[in-house]
Amino acid sequence: MTVIRLREVTKRFDTGVEALKGVSADIEQGEFVFVSGHSGAGKTTLIKLLLRLEQVTSGEILVFGKNLKVLQDSAIPYLRRNFGVVFQDFKLLPDLTVFENVALALRFLGLSRSEIRRRVEGTLFDLGIDKYENAYPRMLSGGEQQRVAIARALVNEPAVLLADEPTGNLDWELSKEIVRLFEQVNKKGATVIMATHDKFLLETFKKRVLLLHKGFLIEDTGRKKEKPEEGEEHKDEY
Amino acid sequence: MNIEALVRWSRIALGVLGDGLKGIFVAKGEALACILSLVVASCLVTAFSIVGFYAGRVIDSAAKRAFVIVYLKEAMPHETLESFIEKIKKRPEVMSVRYLSAEEDRARNKDLLPKEIASLLADDAIPGQHCLEVYLSGKGDGEELVSFLREFEWSDVVAEPPAGAGKVMAIAGLLGVIRLFILVIAGILLLTTLFFVVGTIARTMERRKEQMEILAIVGATPLYLKSPLFVQGVAEGVVGVTLGAWLGVFVVDTTKQFAVRELGVLVDPGTPYALATLTGALVGVVIGVVAGAIASRQRTV
C-alpha cells in the first residue's frame, strides 16, 4: 500500500526561492527511507509539505490517498495524527519533565490519566529512558534528549515516523543508536522517513535513499529509472 | 453521543479549562496588571453609572414636581372643563394635566401642613378648591403659559411654579446628554482594558508558542489550541470586572452614608451587589471572549 505519493511536487517560496522542483516518488507502507542531500537541497521543505506546514506550489502530495493540496484546514490535525515527528533540535519543553513532554502528544485525545501513564511509561521503557521519567530535559545528554523526542513521536503509535535530521546534533555512535531505534520502530510496521545529510549513515544502513540536490530528486535507490533526470549529474558529489 | 465519547470530551474540556487558568500564571505580572486595570475601569464605570442613574432620578423627580396650579371657579360646567383641559394639553410647555376635586385639593393642603397643626384643625378649616395641576414639559417659556392660563374666564387663581423649577427642568433636559456621555466614557474605558486582556493573552501565547507548535504538529486541532486563550480571557475579564463592580458599589454606598450624615442629602442608590455581580460577570465574559478572539487570530501553525 502506498502511504505517500509525490507527483511533480514543486515548492516556491514568496522570496522566489524554489526549494523543490518536480519531485516524484512513492513510499510504501513499512518502508524505511532516507531523504538525503546537502543543506538547502529541500529535505526539510519536503517534511514540512508532508505535514502540511507548507503548501505545494504545483504538483500533488497524496498521504493515505488524500490530496494535501485540496485537504480542508479542519482535516489537517487528523492527518497529522498519523505522523510522529522528530526534529534535529529535539523541541523538548524545558519546563516540563520527560514524562510531561512525552504525554504532551496525548493531551488532546481525552485519554484517562491511567491510560496516559500506561502509554507514556511503556514508550519510555521501550526506549530505555524510563528512569528519567521525572527528570527535566536540561538534566539529560543530547542522545537521551533525542530519545525523549522520539518517545513523544511514538507515544500515539503513528503510522509514519518523520525525522528531520534527528542525528544532526549527535555524535557518530549516538547517531547509529538512533537509527537502530528507528529500525525497531520500522520492524513493528511503521513507515520511517528520515532526512539526513550524513553519508556515513546512508552507507552503514542500507536503506532506500531519495537524494535531493537544489530541489531536484536526482536519485531514488528504490526506483528503477527509465531515463536520466535533471540534476542527476550531481549525484557523484554525495 | 455515547458515554465513552462524553467522558473523553469532558476530559478534553477540563484539560482546556486547566490550561486556560494556568495561562494566567504564565505571565503573572501582566495578568495582575490587566486585572487591576479592569478593576479600576469597572469601578469607575459602576460608580458613574449608579451616581448618574440616581442623580438623574432625583433631577427627573424634581423636574416632574414643577407644575402650575389653576384654581377653577365653582360653577364650571363639565364640558367646558374638558375642552379647557384639551386646550391646555396642546401647549408645548405642558407635559400633562391632572384634575383635582375640592376634597383632593384639601387633602393635599392638609399634607402640606405640619402634622401637629393639621391634627388640631377641623377638615373644613383647611381650604380646598377644585383645580388643575398643569405639569411642565420643560419646553418653551413658562411665563407665556401662565399668561395664557390667566386669560380664561374660568381661571380663578394661577399659582406659578416654585422658584428654580425652570433650572431644574433645564438640567433634566441635559440629563440625556450626560447619560450618553457616561456611556461613551464607560465604553472607552472598557475598550481600553480589552486591549490589556489581549496583551496578556498574546504574552501567554508568545511564551507557549513552542508548546503550541508542538501540539499543532502532533495533531491538536486549532479549537483545542485556541480554547485556553478564551478561558484565560474570560477568567481575567470576569474577575477584574466583577471585583471592580463590587468596589464601585462599595464606593457609592460609602459616599451615600457621607452625603446623608454630612450634607443632609438623601440619595439612596441601595447596595446592588447582586446586580453588580451579574452585570460584572456578563461584561467580563464578553470582554474575555472578544479579547480571546482578537488574540487568537494569530496563526497557530
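Each chain gets a letter, A, B and so on, in the order its sequence line appears, and its residues count up from 1.
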Notebook entry, point to check: Looking at A:P77 and B:A220, what are the two nearest heavy atoms and their distance?
Noted result: CB-O, 3.7 Å
Notebook entry, point to check: Are there more than 12 heavy atoms of other residues, nucleotides or ligands under 6.0 Å from atom NZ of A:K69?
Noted result: yes
Notebook entry, point to check: How far does CZ of B:R8 sit from CD of A:E115, to the nearest 0.5 angstrom?
Noted result: 12.0 Å
Checklist line | Neighbour count above 12 (heavy atom, 6.0 Å) for B:F196 CZ | finding: no
Checklist line | Where A:R81 and B:V218 come nearest, the two heavy atoms and their spacing | finding: CG-O, 3.8 Å
Item checked: Side chain / backbone / both / neither for A:I76 at chain B, heavy atoms under 4.5 Å -> neither
Margin query: How long is the straight-line distance from OG1 of B:T221 back to CZ of A:R80, given to the nearest 0.5 Å?
Written below: 11.0 Å
Notebook entry, point to check: chain A heavy atoms under 4.5 Å from B:L215: which part of the residue, side chain, backbone, both or neither?
Noted result: both
Margin query: I want to check something: taking the side chain as every heavy atom from C-beta on, are A:K91 and B:I217 in contact at a cut-off of under 4.5 Å?
Written below: no
Next item on the list: For each of A:D95, A:L93, A:L96, A:N156, tally heavy-atom pairs with chain B at distances under 4.5 Å, and name the one with the top tally.
Entry: A:L93
Notebook entry, point to check: More than 12 foreign heavy atoms under 6.0 Å from CZ of B:R11: is that the case here?
Noted result: yes
Checklist line | chain B contact via A:L111 - side chain, backbone, both or neither, heavy atoms under 4.5 Å | finding: backbone
Checklist line | Engaged part of A:S74 at the chain B interface, taking heavy atoms whose separation is under 4.5 Å | finding: neither
Check: Which answer fits A:L51, side chain, backbone, both or neither, if we ask what part of it has an atom under 4.5 Å from a heavy atom of chain B?
Finding: side chain
Next item on the list: Answer yes or no: does atom CZ of A:F64 have more than 12 heavy-atom neighbours from other residues, nucleotides or ligands under 6.0 Å?
Entry: yes
Note to self: Within this structure, what is the CG-CZ distance for the pair B:L225 and A:F108, rounded to the nearest 0.5 Å?
What the structure shows: 8.5 Å
